[in-house]
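Read the structure below first, then the notes.
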Amino acid sequence: MAETHRSASENPSEPLPQSHTELHSAEQFEAWRNSLLAVPAPTPAITEVGKVTEVGDGVAVVTGLARALADELLVFESGVRGMVLDLEPGRLGVILLGPSESISLGEDVRRTRKVVSVPVGPALLGRVVDAMGRPRDGLGDIAAVADTPIEAEAPGVLSRSAIFRPLATGIKAIDAAVPVGLGQRELIIGDRQTGKTSIAIDTMLNQARSDVTCIYCAIGQRGDAVSRVIAALKKDNMLARSIVMSAGDEETPGLAYIAPYSAMAMAEYFSDQSQDVLVIFDDLTHHARSYRELSLLLRRPPGREAFPGDIFYVHARLLERAGQFTREAGGGSITALPVVETQAENLSAYIPTNLISITDGQIYLSPRLVRRNQFPAVDLGLSVSRVGGKAQSRTLREVAGNLRVTLSQFEELEDFARFGTRLDDTTRARLTRGAAVRTALRQAERDPMPAAEQLAVLIAAMEGLFDDLPEEQLSDAMSRIRAAARKHFQFIDERISENKALSQDDRAQIIATARTVLPANHAGPTPEADEVKHGPDA
């Protein structure tokens, strides 16, 4: 025992014998370590973090993100998002998509490596969203099909086809004299309070008779105005087939800037599914002002009326994405109705002239007609459709062909008659007929009319059935003719579907029925007594 004790003390570094449990634990640790070493090492992730050096009303200047891309989405430490607009050495100009009050100097900013995108899909129908596609109606999240970048290249010439189908607005003055085709870009232009939004909403409501999907994009509008639009769509059961996007005047200008591009991205999803889409931008004047505000805050050089030099391109690349597309490109269509506001009837202002040159025609609403209580106040002398006439039904084209001529002749005679000149019977009859036709173009708000009812009223007016009718009784007379059209004139819908003109018998039947529904003493002149001619030879 003494020797054993002595040898152990002579070799103190020799390990003591291990138990069976300790050996098993060591083997487990070694196996676990080897399994970790066998796993491939994770790829190093590079996170770029920038700093906010300046912040203002709707914009921020960021440094330290040298690899950021144009239109890239950035996330601030406070949770606010922004979009890169200016790329300069050592600094980025960022437009904010949230409140600038939440951002402080020195705050961290991180890249997302994604461009600004919005959700798309059928789940958006019936919803009210903001410019980022986030719900604003309190109905919960939106089950989107995908997220689509708001910017996209406009389809080329080979992806487009001729516009050949009409878009019925339900407004007599437009469908007859300024027709719009599916895939067209038709500008609605006029001063404040002339009824621009009313025409756009009535056009949406009239799509209850078609399969057109509608998107209403409110840019810089007050909340109560957007609420009235939503209420009108709900009342006529069109909200379920519509998307309402709102970028109000109380929100940051960055959201107002991206709103029309977001709406167009949503429209492109439906057109790719071979559907027809109507997009209303209300209005691009506020959109241009928002872009001007952002550009001036980012110290971009101002040009005419302090707008940056690329303001034309800003609107052109938006509206060029509309059109009628070929089957290979989806077969759908996007019809754009941009709204623009003028001041003091100045059609030659910078933004109106830009948009007139981009679009395929304009519907001009005159404040002079508003003062005469002529609603809708469509000035047929300054309104034009460069494409829609080819898509207009032959049935309506032949009936309304003389409408513009009749009204232009009437307005010239009306100006001449103001001097108190003595007029002969023929001139007096022309004035009476013109006044009756112009009054017949009046139409109540939120009351779009089917094509058959429009034709019946227009034929009655052009044939002089309203000549001797007092103005206060004209509304009742048109209501009677519209009721007769719904009951007796089903053949008009057949002619429209066949794209055929009305025969002489058809016109005679319409006139005879209209005479019977009007009061006996206000049934208009008899054919023998009606000596007023129409057309270019009148």
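Side chains included, hydrogens not; waters and symmetry mates left out as well; all remaining heavy atoms used.
- For A232, the side chain to side chain contact (heavy atoms under 4.5 Å, CB included) partners two or more places apart in sequence, or in a different chain, are I201, R446.
- Take E30 and apply the salt bridge (Lys or Arg N to Asp or Glu O under 4.0 Å) test, not counting sequence neighbours, and it matches R33.
- Note on residues 253-266: pairs passing side chain to side chain donor-acceptor pair (under 3.5 Å), not counting sequence neighbours, are Y257-R317.
- With hydrogens and angles disregarded, a donor-acceptor distance shorter than 3.5 Å links the side chain of R397 to the backbone of Q392.
- Take R67 and apply the side chain to side chain contact (heavy atoms under 4.5 Å, CB included) test, not counting sequence neighbours, and it matches E48, R111.
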Check: residues 377-385 side-chain donor-acceptor pairs under 3.5 Å, at least two apart:
from: D379; atom 1: OD1; to: G381; atom 2: N; distance (Å): 2.9
from: D379; atom 1: OD2; to: R368; atom 2: NH2; distance (Å): 3.4
from: S383; atom 1: OG; to: Y364; atom 2: N; distance (Å): 2.8
from: S383; atom 1: OG; to: D379; atom 2: O; distance (Å): 2.7
from: S385; atom 1: OG; to: P179; atom 2: O; distance (Å): 2.5
from: S385; atom 1: OG; to: Q184; atom 2: NE2; distance (Å): 3.0
from: S385; atom 1: OG; to: G388; atom 2: N; distance (Å): 3.1

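- Checked by atom type and distance alone, the side chain of K390 never pairs as donor or acceptor with a backbone atom of F164 at under 3.5 Å.
- Classification of R386 and D360 as a salt-bridged pair fails, no side-chain N sitting under 4.0 Å from a carboxylate O.
- Counting heavy atoms from C-beta on, the side chains of L85 and R300 come closer than 4.5 Å.
- A search for side chain to side chain contact (heavy atoms under 4.5 Å, CB included) contacts involving D283 returns Q221, T285, H286, V339, E341, not counting sequence neighbours.
- For Q273, the side chain to side chain contact (heavy atoms under 4.5 Å, CB included) partners at least two apart in sequence or on another chain are Y269, Q275.
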Review item, side-chain donor-acceptor pairs of residues 307-316, under 3.5 Å, at least two apart:
from: D310; atom 1: OD1; to: Y291; atom 2: OH; distance (Å): 3.0
from: D310; atom 1: OD2; to: Y291; atom 2: OH; distance (Å): 2.6
from: H315; atom 1: NE2; to: H287; atom 2: ND1; distance (Å): 3.1

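- Applying the side-chain hydrogen bond (donor to acceptor under 3.5 Å, both in side chains) criterion to R113, with sequence neighbours excluded, gives no partner residue.
- Listed by first then second residue, pairs satisfying side chain to side chain donor-acceptor pair (under 3.5 Å) with a partner in residues 228-246 number zero, not counting sequence neighbours.
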Donor-acceptor list for residues 50-59 side chains, cut-off 3.5 Å, not counting sequence neighbours:
from: K51; atom 1: NZ; to: D108; atom 2: OD1; distance (Å): 2.4
from: T53; atom 1: OG1; to: V61; atom 2: O; distance (Å): 3.2

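- Ion pairing between a basic and an acidic side chain is recognised when a charged N comes within 4.0 Å of a carboxylate O; K114 and D147 show no such pairing.
- R438 is linked by a salt bridge (Lys or Arg N to Asp or Glu O under 4.0 Å) to E414, counting only residues two or more places apart in sequence or in another chain.
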